[in-house]
Amino acid sequence: MKRDIITLLGGFLTSLFLFLGAIGVSFDWFTPESIDAFIMLCGSIVALGINLYAVWKNTYVSKKARKQKEVLKQKGLK
């Protein structure tokens, strides 16, 4: 799902680039290379976010998780 959104964003930016070129509007910074770099950045941010969430949920860092860890130790499950 997230990959589809990033692909859709890349397609939109590429279409916008082509449309602006067709009507004679150009920006020095708005190139196919900058679009590719932006899409790569978006994909990396999503991957980092998912990774950070997974690490947070699978470790005993929060107060609630530390309490849960203590209960598991007391019951001999950890």
Side-chain angles (χ1 to χ4, degrees):
M1 175 73 180
K2 290 167 183 56
R3 184 176 179 155
D4 294 335
I5 293 171
I6 293 172
T7 302
L8 183 64
L9 179 62
F12 172 74
L13 290 174
T14 302
S15 298
L16 182 64
F17 173 75
L18 293 173
F19 173 74
L20 291 175
I23 62 172
V25 177
S26 65
F27 300 100
D28 293 336
W29 53 269
F30 194 54
T31 64
E33 291 81 19
S34 68
I35 292 170
D36 290 342
F38 180 72
I39 296 305
M40 182 65 73
L41 177 68
C42 290
S44 299
I45 289 171
V46 169
L48 177 64
I50 291 170
N51 192 356
L52 290 174
Y53 177 76
V55 169
W56 176 259
K57 291 303 285 183
N58 292 312
T59 57
Y60 297 100
V61 178
S62 67
K63 287 182 182 181
K64 180 180 174 184
R66 282 184 268 160
K67 288 179 186 177
Q68 181 184 18
K69 183 178 180 181
E70 283 300 317
V71 171
L72 289 172
K73 279 185 180 180
Q74 290 171 357
K75 292 184 178 182
L77 298 172
K78 177 137 174 78

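Since this is a predicted model, take the numbers as computed values, not measurements.
Atoms CG and CD1, on Leu9 and Ile5 in that order, are 9.5 Å from each other to the nearest 0.5 Å. We find the CG-OG1 distance between Asp36 and Thr14 to be 7.0 Å, quoted to the nearest 0.5 Å.
Residues meeting the side-chain contact (heavy atoms from CB on, under 4.5 Å) test with Thr31, sequence neighbours left out: Glu33, Ser34.
Applying the 6.0 Å contact sphere to CZ of Phe12 captures no more than 12 heavy atoms from other residues, nucleotides or ligands. Within 6.0 Å of CZ in Phe30 there are more than 12 heavy atoms belonging to other residues, nucleotides or ligands.
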Please tabulate, for side-chain N and O atoms in residues 43-58, each donor-acceptor pair with protein atoms closer than 3.5 Å (sequence neighbours left out).
{"from": "Ser44", "atom 1": "OG", "to": "Met40", "atom 2": "O", "distance (Å)": "2.9"}
{"from": "Asn58", "atom 1": "ND2", "to": "Ala54", "atom 2": "O", "distance (Å)": "2.9"}

Let me check something: any side-chain donor-acceptor pairs from residues 15-27 under 3.5 Å, sequence neighbours excluded? List them with distances.
{"from": "Ser15", "atom 1": "OG", "to": "Gly11", "atom 2": "O", "distance (Å)": "2.9"}

Solution key, residues 63-73 side-chain donor-acceptor pairs under 3.5 Å, sequence neighbours excluded:
{"from": "Arg66", "atom 1": "NE", "to": "Val61", "atom 2": "O", "distance (Å)": "3.1"}
{"from": "Arg66", "atom 1": "NE", "to": "Ser62", "atom 2": "O", "distance (Å)": "3.4"}
{"from": "Arg66", "atom 1": "NH2", "to": "Val61", "atom 2": "O", "distance (Å)": "3.3"}

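With side-chain heavy atoms closer than 4.5 Å counting as contact, directly or through intermediates, Leu8 stands alone and belongs to no larger hydrophobic cluster.
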